[in-house]
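Working notes, beginning with the structure itself.
The first residue in the sequence is number 1, and the count goes up from there. Order of listing sets the numbers, starting from 1, for every ligand and every atom in it.
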Amino acid sequence: MLHIILSALRGRDLFHISGRVAFMANPETPVQTNFVKQIINEHNKTGRFANRVHTRFPPEPNGYLHIGHAKSICLNFGIAQEYGGQCNLRFDDTNPVKEDVEYVDSIKEDIRWLGFDWEDREYYASDYFETLYEYALTLIRDGKAFVCELTAEEIRQYRGTLTEPGKNSPYRDRSVEENLDLFQRMRSGEFPDGSRTLRAKVDMASPNLNMRDPVMYRILRAHHHRTGDAWCIYPTYDWAHGQSDSIEGITHSICTLEFEDHRPLYDWYVDQLGIHHPQQIEFARLNVTYLVMSKRKLLRLVQEGIVDGWDDPRMPTISGLRRRGFTPASVRDFAERVGVAKKESTIDMALLEHCVREDLNAHAWRVMGVLDPLKVVITNFPEGETEQLEAVNNPEDESSGVRSVPFTRELYIEREDFMEDPPGKFFRLAPGREVRLRYAYIIKCEEVIKDADGSITELRCTYDAETRSGMPQANRKVKGTLHWVSATEAIEAEVRLYDQLFSKEDPGDTDEGLDFLSNLNPDSLQVIRAMVEPSLAEAMPGKHFQFERKGYFTVDTRYSKPGTPVFNRTVTLRDTWAKVNKQ
Ligand code: ATP
Ligand code: MG
């Protein structure tokens, strides 16, 4: 079970997941230091890299970036900024089968949107294919690499297990000349796909499986999105990654924990080659409740049409979060608050929502939109008349000014804001009761109109003309304040309300024989028609608003058209009711 303890009264929030690592974040105090910075500080003390700090973000262009990548981006670019260093963007494009320029473009857009700049340092592992090939020749000449003819399956069998050493390949002791000849012929396309590999000659008895003569090249006739058909051999990630870092002069190669066991191999390669030796530092990847973060799974959601593309507002992708209404500042803030750790943990989704609320609270205009309209007729307000009332755009930001909201005889309020037979603590509208309409008057419910089925279709109310701002009774107190729109002036808008895409806190936790799709939440999207104040007719796609009492909403960048805005609910409001009541 998920426990979210929100102790707003004490001015801080706890985000705690029982049964796993407890995570506590005090939103008021950003993390000052972390173990990565401690390592860098130590290097700067000893002068290991001559006080240089050069990091990189190395995505594989085989999918869109997600919130986990955002953490890595913030960490790598953030550290470079903090130390006056640089951060490269490098596409680790060694697997032509899964990679695409569409992904390259989206990755660049997302990093820029997050607020980071790689200037002219946009690199591709594929730019180094020739250098990597030369490096491979060096290893062969030094007797450190050999051409192997075992099949993939045989290589697996020869590799051994965690408890048993592996066996040497029968091709391991080929002469340097034979290896040079065969490797060059591999490159020139003489051999069929998969028939040979180039392998490093390390140690088949190493307790670390990565050191058991790992594959460096495979033969693969596949079109590469940058090098086209120039190559029919491709370097493995493990062979390309460390050397790419070295070529770029990276000082601190920050990556996730699963590469800890690969570090000895990366170290071995650069040491054998005698080239610049970066320091790899591993941290725990980000996991967030209710989100899947594997690109393979995200691709399935897209390909099977379960979501509306990589940027579906329910996706944990950066483009999905953007479309949903998350801001760059809120994502950066989130990344800072989760910090970096050596131990795997799962962060509560509530923290991400908290971060966006905080940012939007400061910047989003307050407007009124009624999601489930119930008509109210003000019987003592003249027919055909419109009164323009002044509404504050954002009480947190005086510079945002005011706007006009039309008040008319026929209005809409939220259906849930009326109860015919209310319980004790219901401070909204009920027969004979008074409430204040936000920025407007106090109204009193005089009569309830129903249809033949007994459903309420309309409320007949009277208003107290003395209770508007600037009038003698402006400060008269009533218990509830409701949002509303003019029924005749409001515009209809499509509103998309989202819930988690998965109904399980850990979407990967499935019953036997079922996959993660069995945990999909069938109600993750609800599309409704709402009535919103007319000022929103021309709202710009991507603009954020707070619909008073209903949450933060963002104008959808795909479906919105001038005059017919479509809104995504970014996040609901917390304790809004308490706030509105205080006014
Ligand atoms: P996959 O989802 O297929 O495992 P990946 O997440 O490793 O792929 P990459 O493109 O290789 O995708 O990731 C680029 C960088 O982002 C890597 O340095 C990786 O360590 C980091 N990264 C990826 N996922 C996370 C995560 N959940 N938390 C933190 N960093 C991450
Ligand atoms: Mg990866």
Extract all donor-acceptor atom pairs below 3.5 Å that involve side chains of residues 122-129 and protein atoms in other chains or at least two apart in sequence.
residue	atom	partner	partner atom	Å
E122	OE1	W118	NE1	3.3
E122	OE2	K108	NZ	3.1
E122	OE2	Y124	OH	2.7
S126	OG	D93	OD1	3.4
S126	OG	D93	OD2	2.7
D127	OD1	R226	NH2	3.3
D127	OD2	Y124	N	3.3
Y128	OH	E248	OE2	2.5

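Between R56 and D245, at least one side-chain nitrogen of the basic residue sits less than 4.0 Å from a carboxylate oxygen of the acidic one, meeting the salt-bridge criterion. Contact check on K295 versus E60 returns no salt bridge, with no Lys/Arg side-chain nitrogen under 4.0 Å from an Asp/Glu carboxylate oxygen. Ion pair E353/R569 not flagged as a salt bridge, since none of the NZ, NE, NH1 or NH2 atoms sits closer than 4.0 Å to an Asp/Glu carboxylate oxygen. In this structure, E109 does not pair ionically with R112, as no charged nitrogen and carboxylate oxygen lie closer than 4.0 Å.
Taking only nitrogen or oxygen atoms, main chain and side chain alike, A284 does not reach within less than 3.5 Å of ligand 1. Distances between N or O atoms of E258 and those of ligand 1 include no value under 3.5 Å. Residue-to-ligand polar distances place R285 within reach of ligand 1: an N/O pair is separated by less than 3.5 Å. Geometrically, ligand 1 and E60 share a nitrogen or oxygen pair separated by less than 3.5 Å. Between K71 and ligand 1, a contact under 3.5 Å exists for no N or O pair. For ligand 1, one of its N or O atoms has an N or O atom of L286 under 3.5 Å away. Taking any N or O of N62, backbone or side chain, none lies under 3.5 Å from an N or O belonging to ligand 1.
Contact annotation for H66 and ligand 1: only side-chain heavy atoms (C-beta onward) come within less than 4.0 Å of the ligand. With a heavy-atom cut-off of 4.0 Å, F259 does not touch ligand 1 at all.
When side chains are defined from C-beta on, Y217 does not count as touching T197, because their heavy atoms never get closer than 4.5 Å.
Heavy atoms of R296 come nearer than 4.0 angstrom to ligand 1 in no pair at all.
Aromatic pair H241/H262: centroids not less than 6.0 angstrom apart. For F49 and H252, the ring centers are positioned less than 6.0 Å apart.
When each atom of ligand 1 is checked for a heavy atom of S72 under 4.0 Å away, the hits are 16 (O), 21 (C), 30 (N). Set against the non-hydrogen atoms of S294, the atoms of ligand 1 under 4.0 Å away are 2 (O). For ligand 1, the atoms lying closer than 4.0 Å to a non-hydrogen atom of F283 are 29 (C), 30 (N). Here is the list of ligand 1 atoms found below 4.0 Å of a heavy atom in T256: 19 (C), 20 (O), 29 (C), 30 (N), 31 (C).
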**Request:** For E153 and T151, run side chain to side chain donor-acceptor pair (under 3.5 Å): C-alpha distance rounded to whole Å, both residues' side-chain angles, the deciding distance at 0.1 Å, then the answer.
**Result:** CA-CA 5 Å; E153 181 49 38; T151 62; over 6 Å; no

